[in-house]
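Worksheet: the structure to be examined is printed underneath.
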Amino acid sequence: MSKPSIHPVIFTDLDGTLLDHESYSAEPADGLIRLLCDQHMAEIVPITSKTFSELLWLKQEVPIPFSIGVTENGSVIHGPEDYFEKDGKRSKTLTLGVGYQEILSHIQKLPPSIRSHVHGFSDMCVAEVGKATGLSFDDAKRAKDRQATEPFSWSGTDQELAALESIVGQANIQLQRGGRFYHLTGHATKEKAMDYVVKAAAEWNPDYDIVSIALGDGPNDLAMIEAADFGVIMPNPEGVTIESTNPHVRTAPLPGPEGWVIAVTEILAELGLNLQQS
């Protein structure tokens with residue numbers, strides 16, 4: 001019996017990985033992605049902290065073909081109709097964390113002494129989100145369209161923050177510290193989302209060996225990179241790069257989309273997959 005064909009599923013972070021850190025351009029990676037998709041050689045899966053609205057807008061601005069996307073740091077997976085199965089039901093959207101309305105409900109139930117220090121995106125109008133983030137009005141509106149995470153600014157003490165973390169933890173919600181905001185989110189990760197997508201891809205493509213390739217540049221990408229069949233660490237242009245000792249993890253020679261192309265092309269060649277240049 002002949003060995004089944006190999007079908008890579010490429011999970012890619014966006015900012016600083018597929019997109020240039022400064023210009024947000026995807027060149028020349030966008031050209032390689034179009035070739036891969038045109039020749040049905042691989043599936044491209046953006047996996048990002050962005051919301052689904054932000055991802056759809058980016059898909060228009062940077063024409064990258066994809067049918068599956070993971071948003072809000074692994075919290076929500078989006079795919080074709082009926083692509084995912086969970087609890088005996090099929091859906092094109094899979095929420096791995098805690099739904100947004102449930103998170104907001106728990107925020108409203110906080111003791112007033114804690115709630116008064118939480119100023120989340122849901123508490124802000126679009127203009128306020130734009131001012132807090134530096135985003136344009138339209139971009140801020142897309143950033144507010146959340147499904148499973150709530151960014152917020154905090155004005156209380158460290159002791160009160162610890163109390164908040166303890167309270168929401170009882171509802172299976174975790175508190176994450178970001179650079180500009182704190183975040184309330186379920187226990188979803190990029191690594192868990194990748195696992196769900198790989199299993200779904202195997203279900204829909206039973207005649208193929210699914211091979212996962214993961215690329216990213218941040219600490220929240222590392223577990224995903226190490227869990228993939230082939231992991232790629234993208235160097236940070238400022239010189240701060242995550243590290244791994246796993247033998248199946250490599251570091252791209254260049255940051256951003258140029259390094260993306262080199263790393264992905266190398267891995268495809270190792271898999272015996274050769275692109276037909278047009």
Side-chain angles (χ1 to χ4, degrees), residues 3-14 17-19 26 29-48 50 52 55 58-59 62 64-86 90-94 96 188-217 220-234 244 246 248-250 252 257 259-275:
K3 178 178 170 52
S5 298
I6 293 174
H7 187 70
V9 181
I10 303 174
F11 297 85
T12 179
D13 180 49
L14 295 177
T17 297
L18 180 61
L19 304 178
D30 54 351
L32 174 58
I33 289 173
R34 283 193 291 272
L35 279 175
L36 290 171
C37 293
D38 288 347
Q39 297 177 31
H40 305 288
M41 189 175 287
E43 184 82 43
I44 308 299
V45 180
I47 187 161
T48 175
K50 297 181 185 298
F52 189 49
L55 185 59
L58 179 66
K59 189 177 183 179
V62 183
I64 298 171
F66 63 87
S67 60
I68 301 171
V70 181
T71 56
E72 299 186 47
N73 278 327
S75 295
V76 190
I77 311 174
H78 313 265
E81 196 71 34
D82 295 334
Y83 195 78
F84 302 104
E85 189 276 331
K86 188 177 182 182
R90 304 206 68 89
S91 173
K92 65 178 181 180
T93 303
L94 192 60
L96 301 187
T189 64
K190 290 185 176 184
E191 176 190 5
K192 292 178 182 178
M194 180 176 71
D195 185 56
Y196 269 93
V197 173
V198 167
K199 289 177 180 176
E203 178 188 356
W204 284 94
N205 301 276
D207 296 329
Y208 289 85
D209 278 341
I210 304 299
V211 175
S212 58
I213 302 170
L215 306 94
D217 71 323
N220 67 329
D221 297 316
L222 186 56
M224 172 186 72
I225 291 169
E226 293 186 330
D229 295 316
F230 293 85
V232 180
I233 292 173
M234 303 302 298
S244 174
N246 285 26
H248 61 280
V249 173
R250 68 192 73 191
W260 197 99
V261 168
I262 295 170
V264 169
T265 302
E266 285 179 351
I267 293 170
L268 293 177
E270 291 169 20
L271 291 170
L273 301 174
N274 297 305
L275 281 165

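In this chain, numbering begins with 1 at the start of the sequence shown. Here the structure is a predicted model, which is why all the values come from computation and not from measurement.
Note: H78 NE2 to F66 CZ = 9.5 Å, rounded to the nearest 0.5 Å. The CD atom of E203 sits 11.5 Å away from the NZ atom of K199 when rounded to the nearest 0.5 Å. Atom CZ of residue R34 and atom CD1 of residue I44 lie 12.0 Å apart, to the nearest 0.5 angstrom. Once rounded to the nearest 0.5 Å, the distance linking NE2 of H248 with CD1 of I225 reads 10.0 Å. Atom CG of L215 and atom CZ of F11 lie 11.0 Å apart (nearest 0.5 Å). How far NZ of K92 is from CG of D82: 9.5 Å, rounded to the nearest 0.5 Å.
The side-chain contact (heavy atoms from CB on, under 4.5 Å) test with I267 singles out one residue from V264, L271, T265, and that residue is L271. Checking each of L19, T17, D13 against W260 for a side-chain contact (heavy atoms from CB on, under 4.5 Å) leaves exactly one that passes, namely T17. No option in T48, V45, L55 other than V45 meets the side-chain contact (heavy atoms from CB on, under 4.5 Å) test with V70.
Residues F84 and S91 are not in side-chain contact: their nearest non-hydrogen atoms beyond the backbone lie 4.5 Å or more apart. Side chains of P65 and I33 form a contact here, defined as non-hydrogen atoms less than 4.5 Å apart. Residues P8 and L273 form a side-chain contact, since some pair of their non-hydrogen atoms from C-beta on lies under 4.5 Å apart. Side-chain contact between I68 and P80: present, with at least one pair of heavy atoms (C-beta onward) separated by less than 4.5 Å.
A193 and I77 make their closest contact through O-CD1, 3.8 Å (heavy atoms, listed as atom of the first residue, atom of the second, distance). Summarising the geometry of E191 relative to A223, their closest heavy-atom pair is OE1-CB, 3.4 Å, with the distance given to 0.1 Å. The minimum heavy-atom distance between A26 and V62, with the atom names listed, is CB-CG1, 3.4 Å. The two atoms that bring V9 and A201 nearest to each other are CG2-CB, 4.2 Å, heavy atoms only. Residues A252 and M234 share a closest heavy-atom pair of CB-SD, 3.8 Å. In terms of heavy atoms, A29 sits closest to V261 at CA-CG2, 3.5 Å.
The neighbour count for Y196 OH, taken as heavy atoms of other residues, nucleotides or ligands under 6.0 Å away, does not exceed 12. Heavy atoms from other residues, nucleotides or ligands lying under 6.0 Å from NZ of K59 number more than 12.
Here the side chain of R90 pairs a donor or acceptor atom with the backbone of Y83 at under 3.5 angstrom. The main-chain N or O of K192 is found under 3.5 Å from a side-chain atom of T189 such that the two form a donor-acceptor pair.
For residues 220-232, the set of pairs meeting the side-chain hydrogen bond (donor to acceptor under 3.5 Å, both in side chains) definition, not counting sequence neighbours, comprises N73-N220, K190-D221, S212-D229, E226-S244.
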* To do: Output, in order, the C-alpha distance, side-chain angles, deciding distance and verdict of side chain to side chain contact (heavy atoms under 4.5 Å, CB included) for H7 and I210.
  => CA-CA 5 Å; H7 187 70; I210 304 299; 4.1 Å; yes
* List the steps and the verdict of side chain to side chain contact (heavy atoms under 4.5 Å, CB included) for L36 and L268. => CA-CA 10 Å; L36 290 171; L268 293 177; 3.6 Å; yes
